[in-house]
Amino acid sequence: MADGTPPHHPAAEAPAPLLAVRDLHAWYGESHVLHGMDFEVRAGEVVTLLGRNGAGKTTTMKSIIGVLPQRRGSIMFEGRETIGLPSRRIARLGIGYCPEERGIFASLSVRENLMLPPVVKPGGLPVEDILALFPNLKERAASQGTKLSGGEQQMLAIGRILRTGANLLLLDEPTEGLAPVIIGEIGRTIAALKRRGFTIILVEQNFRFAATVADRHYVVEQGRIVDRIANADLEANIDKLHAYLGV
Amino acid sequence: EVAVKLGVLNDRSGVYADLSGEGSVIAAQMAVEDFKAAEKGIKVEIISADHQNKPDIGAGIARQWYDQDGVDAILDVPTSSVALAVSQVTKEKNKVFIDSGAGATDLTGKQCSPNTIHWTYDTYALAKGTGGAMVKRGGDTWFFITADYAFGKSLEDNTTAIVTAAGGKVLGSVKTPFPASDFSSFLLQAQSSGAKVIGLANAGGDTINAIKQASEFGITQAGQSLAGLLIFISDVHALGLQAAQGLVLTEAFYWDLNDGTREWSKRFAARSGGKMPTMVHAGVYSGVLHYLKAIDALKSKDPAQVIAKMKEMPTDDPLMGKGQVRADGRVIHDMYLFEVKKPAESKGEWDYYKLLATIPAAEAFKPMADGGCPLVK
Amino acid sequence: MAAPAIPSPATDRRQGAGDRAAFAALLVLIVAAPFVLYPIFLMKVLCFGLFACAFNLLLGYGGLLSFGHAAFFGMASYVSAYAAKTWGLTPELAILAGTLTATVLGLVVGSLAIRRQGIYFAMITLALAQMVYFFCLQAPFTGGEDGIQAVPRGRLFGLIDLSDDRVLYALVAAIVLAGLIAIHRIVHSPFGQVMKAIRDNEPRALSLGYHPERFKLILFTLSATLAGLAGATKALVFQLASLTDVQWTMSGEVVLMALVGGVGTVLGPMAGAVVVVAMETYLAPLGSWVTVTQGVVFVVCVLAFRQGLAGMAGKIWRRLGRAG
Amino acid sequence: MEADTILRTDGLTKDFRGFRAVDGVGLTVRRGTVHALIGPNGAGKTTCFNLLTKFLPPSDGSITYKGRDITGMKPADVARLGLVRSFQISAVFGQMSVMENIRIALQRRRGHSYDFWRPQRLLEALDGEALALAESVGLAGFAATPAAQLSYGRKRALELATTLALDPEMLLLDEPMAGMGREDVERTTELIRSIARNRTILMVEHNLSVVATLSHRITVLARGKVLAEGDYATVSADPRVVEAYIGGGGHG
Amino acid sequence: MLTLFGIPLQALLGQLLLGLINGSFYATLSLGLAVIFGLLNIINFTHGAQYMMGAFAAWMLLAYAGIGFWPALILAPLAVGLVGMAIERLFIARLYQLDHLYGLLLTFGLALIIQGLFRNQYGISGLPYAIPPALTGAWNLGFMFLPVYRGFVVAASLVLCLSTWLIIEKTRLGATLRAATENPKLVEAFGINVPRLMTLTYGFGVALAAFAGVLAAPIYSVNPNMGGDTIIVVFAVVVIGGMGSILGSILTGFGLGVVEGLTKVFYPEAASTIIFVIMVLVLLLRPAGLFGRTA
Ligand SMILES: Nc1ncnc2c1ncn2[C@@H]1O[C@H](COP(=O)(O)OP(=O)(O)OP(=O)(O)O)[C@@H](O)[C@H]1O
Ligand SMILES: Nc1ncnc2c1ncn2[C@@H]1O[C@H](COP(=O)(O)OP(=O)(O)OP(=O)(O)O)[C@@H](O)[C@H]1O
Ligand SMILES: CC(C)C[C@H](N)C(=O)O
Ligand SMILES: [Mg+2]
Ligand SMILES: [Mg+2]
């Protein structure tokens, strides 16, 4: 995408939220994990989900993209109800998912992994930009995907959804296992993506990092949103947050 | 009033299912009906099972039939290894075993049993028929393609003996894994041996594949002849005349031999979906008929008596003609040498054979003295 | 490579109680059955049951799918038949000879096969078993496709005449029970614990200082030995040793038995053997429909009853436990 | 070799099809210290661990442990010498209970491992010790829980307890804190500190605050080579380390 | 005349060529198997039955509709491929995330059913199918007499193998398929219709088997058991080549055909066992087969 052009997603200007989650419940088999999540994300925003281990952050992400079929409630994306759709249809609407466990394919080379997700909308990053962002990947392009180091795999997982043109990115703990220098890099990347009009939902343990990139934070506890804090108010609420996160 | 139970034990799912299988059950039923057993006060029940060409399965079923189900006689049992095992069990349980489908001469030779009768053919008779005839027609150098198991080897050995006795020579042989689907390499070896006759000492699918490929490689056009040492009409049907034409083969029965065979075969075909009977089917019919005759004569089904009676009475029926059950259990009757017709010569769907010669009963089978059966020493 | 979907042995105590109950039920059945059913059929079931349980010791508890177990079963059956017929050994010695042959063969095949995993392991065992098959086909002492026929049952310890089916049945039942108890013990032994750990997470076991190959080799050899015990006994029951027992289809059949019965349970495969053998015996009159029926059973098992009979029984047992 | 050096490598090198992941690394770990191995992603840290524990054969170089050359040994034998590792992805026996997990390790030391003819009851003799170990990592209440059902942090704790059961002289920990929440991070830091009292620890970790609090000495790897070495203050002040690893906005 | 190990060189050349021809059947069959295994992780034991169905489809087209060899070469694989797709939808699709064992058992069961049904319908001896008129006759190569049809078989299977290999290894389709086997949920979450992809792939693998069946019809006995005997060997080929390696199974298919051909000359009894000997050696020396990737 050339610089200077206006954000290409028409929803960006619309007042309606890009994603609206209402009373979302989700189950793993018989265990009820999400108990009525309610939150929304406007176009162009970076929003984080914070919470302790097991609070239900990952489950929320999986529910949005639809890989967890047992869910109820409402998830509206660009004004469309997606709760009944299979995940491939949801992805085609323009949602990119970077899973917690990275999901690098062992039987594919790094390049093949990178090229795997199909382009769903115009406006994705060109491959060169992605490789420039993560030089390690370029160097190891012909390696088997899972032969990469832990951190390199994380870069690959993020990199591959930037290509697809999805305008909502779901990043589940993208900084886990990354060296500080790369975390800084990722932070700058997220900022750049935001400038390009991408909308991002970020799950993070590392709220100091989150604070550097996010507009807003939702606090998740036992499958519910228990608080929302604007980034600007973060300092003021730091004690409350520490209590939530058990620090 | 005698009640007998017959068990038709044969291959119902494997390579020999067409030449024996359900057809043998039909043949046994026809024998019971034709004999009018019920009117003569003999109540006959027929059961059947699949031995899958495995001796342990065959022996197991035989044992259970005799022990549990009250079977008096077992019929058919193609595949020599199973037949030998069933013969063993039959002797132990003192019942009656009338084999039609198997080829082993040992059944009435070294491993003969007072309770076993071998009806239709054996490897010696096949060798004698086809081997002898080929040499007589000038095919005096041979190369064998032999299935690498006892039946194939015995067919090769028997034929070798006949061929050399008739002044012919065996130039070589190759043992093929069993079963095999590609014979081109073996055919090529046979071809380069320069032998006039290529003897196929195998059966079923192996033979079909070998013949099909021989025609493809132009072996016969180049002047060598093929001798299928054991070919059933079902095999010829599967090959089609185009590939099978010119083959010389030995059978104990052909549907189109005479009025008697034609009449019976038509009835058989009507009950088996249009398929003409093989000699194995005919042998089952013939054997059951003779068995019932013996029971009728004795008004008893005591195995020892029945077998003695069967050996005493000459055999005589429309399918196999006149013959005799020898003391070693071997049934002797005429055998026939056929040649497979060219497609142009055939007048109908099952019109496959030309009769070349009739081998009289007395010459067709191995003399009892040479068999090594301990019963007749 | 593939998700671990072979049901794994349950850990809890309830399993132990379930096992004891199943063993007790089995004992009652074994004693009562010959009064109702044909003893030879029962002996066949018992021999195949032991074979299937031995196979399952390897698959269910070692996570190793052998596709060549027929080699041990069949080879032992040849040796025991040969020993009884040609050397005139007494039945117990013939069985011992067969079983030990399987042990040695197991050691050899195992030491080659355990170096590979998953499907490659299965394929090596298959290939080695095919070589054993070829050997049996070619070696003169096996009698080619006729097999070794008319094997004498002989006198146990030179004293007890086994020609009566009921006497033989008692012997076979004793042997098979002993085999099953041995399997139970192996599974629930210190060795079994380590094996379970290796199956669960091999690299971790390695990092704790265990040599997984040694454990696998021992397990393999034990499994081969017990499979051999089953084969050797079978040869005497049927007085016949034949190629059927060394063929790859037999290796496939034992997988089927284990699957139908329930992989990863001590006695499940026994139940699987009952079903498979009964099907073969009682469907035989169906002729060519036998294979179709067998095929349907396979398909239904895989699609609907992956836990096997034992899995279903376990479910019912647990439900009863909850209710009661 | 100095008396208090427990592990040393010289010129340790690993090539993967033309790609050199570890390049002539010389590492000296002193007995009784916590030694951290840090460096950017793909620097070769995990590969180093794999080389040290023999999960990979080195292409070149030698490894000396307690004065013994272990370069050509097998993984299980290295473990038997008391050099035991943990994994970057948590490694427990998921289908076994916490107690059984620990017992497996105890069993290795106590023998009976090959006894297939004896009852499992024999192992109950180890229960007391196993329980004590579970307690020491705060898992006393979970003794009967199957390991697969534990939360991430507790799995890590179990892995440590299992490792401790071997009574190793030296532990190699690969990113013990990865993916942990704050709570767990703090608990685990304490745990490692207590373990370290009478053992040697070599650890890989990206969480610099953990590295700073725990380690006596730090080696920085980059592109397979040793970039810097020293205590936290020295290393974190090294401009090359800042450039390659910590970056401008380092999060401590 | 020049001889090698007591065999005239000329004869040896002929045998090599025959081995190559047989190898082309192995290659085509194992290619289908490798596609299905490599991409779907299913060990397709029904492959032999599907090969048989290909041959029967050709026969049926001729017997019931008067359609000859050339159209059958396209139509039969298509028809059998459709049957394969139905099988995949109904049964196999439920097994992707399970252990290999289950796929193997299910397809084994299906093979039993299919073979049994054909046996009941058509008997066991087989049915005649003639070589197409355009391909009858033979070339005299000097050292042997090569039937034109066999030459055609080699050419046809070479073309097929190479194009399949190109499609799978050199396009994104192949990568997508491999990824879909590993983690279908995630691939689906990228917006790809994984179930349809799987169905098509299975159908394609099956169609390859059926194609080999049509090629075989004029030279081998067309009977319900024709695949059952070959399947184990074809498996061995795939394993030796490296499970899932497309190129590996093609090359190994041809190579083993040659090795088997030579065995038929020097030790014919062992011709069907040699492949297993090679398999053991290969797996012991190269754990993942000749061309396989180590996991
Ligand atoms: N596959 C599963 N089956 C059953 N329960 C699950 C499964 N995955 C997660 N859970 C449970 O659901 C709850 C929410 O898990 P989730 O993964 O969403 O947490 P999270 O907030 O992402 O935690 P973390 O920070 O550890 O990643 C937890 O209690 C967890 O134990
Ligand atoms: N088996 C292998 N084959 C090929 N390359 C490999 C293999 N294992 C690791 N590599 C490469 O070696 C380099 C070092 O990997 P290693 O896993 O040691 O990194 P690391 O320092 O642990 O990184 P991280 O902090 O991200 O875990 C990486 O570039 C990786 O891609
Ligand atoms: C063709 C068959 C029915 C003969 C069989 N092969 C035998 O061993 O006798
Ligand atoms: Mg999470
Ligand atoms: Mg690492």
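Chain naming here is simple, since letters A, B, ... match the order of the sequence lines and numbering starts at 1 in each. Side chains are part of it too, since the values below use all heavy atoms of this structure and drop only hydrogens, waters and symmetry mates.
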Part of [X] lying under 4.5 Å from any heavy atom of chain C:
| X | result |
| --- | --- |
| E:F45 | side chain |
| E:A270 | both |
| E:I114 | neither |
| E:I232 | side chain |

First locate atom [atom1] of [X], then atom [atom2] of [Y], and finally report the distance between them rounded to the nearest 0.5 Å.
| X | Y | atom1 | atom2 | answer |
| --- | --- | --- | --- | --- |
| C:L57 | C:L219 | CG | CG | 4.5 Å |
| E:T46 | E:F91 | OG1 | CZ | 10.0 Å |
| C:E213 | C:R115 | CD | CZ | 10.0 Å |
| C:F121 | C:L65 | CZ | CG | 8.0 Å |

Between [X] and [Y], ring centroids under 6.0 Å:
| X | Y | result |
| --- | --- | --- |
| C:F51 | C:F72 | no |
| C:F48 | C:F73 | yes |
| E:F25 | E:Y220 | yes |

Are there residues of residues 103-114 of chain C whose heavy atoms fall under 4.5 Å of chain E's heavy atoms? If so, which? C:L112
If the contact rule is any heavy atom under 4.5 Å from chain E, which residues of residues 127-148 of chain C qualify, in numerical order? C:A127, C:L128, C:Q130, C:M131, C:F134, C:Q138
Using 4.0 Å as the upper bound for N to carboxylate O, is an ion pair formed by C:E202 and C:K216? yes
Sort by residue number and list every residue of residues 273-285 of chain E having at least one heavy atom under 4.5 Å from chain C. E:T273, E:F276, E:V277, E:M279, E:V280, E:L283, E:L284
Are E:Q50 and E:N44 close enough that a side-chain donor and a side-chain acceptor fall under 3.5 Å? yes
Assess the side chains of E:R119 and E:N225: does a donor N or O sit below 3.5 Å from an acceptor N or O? yes
Taking only residues at least two apart or on different chains, which pairs with a member in residues 241-256 of chain C satisfy salt bridge (Lys or Arg N to Asp or Glu O under 4.0 Å)? C:K234-C:D245
Under 4.5 Å from any heavy atom of chain E - which part of C:I124: both
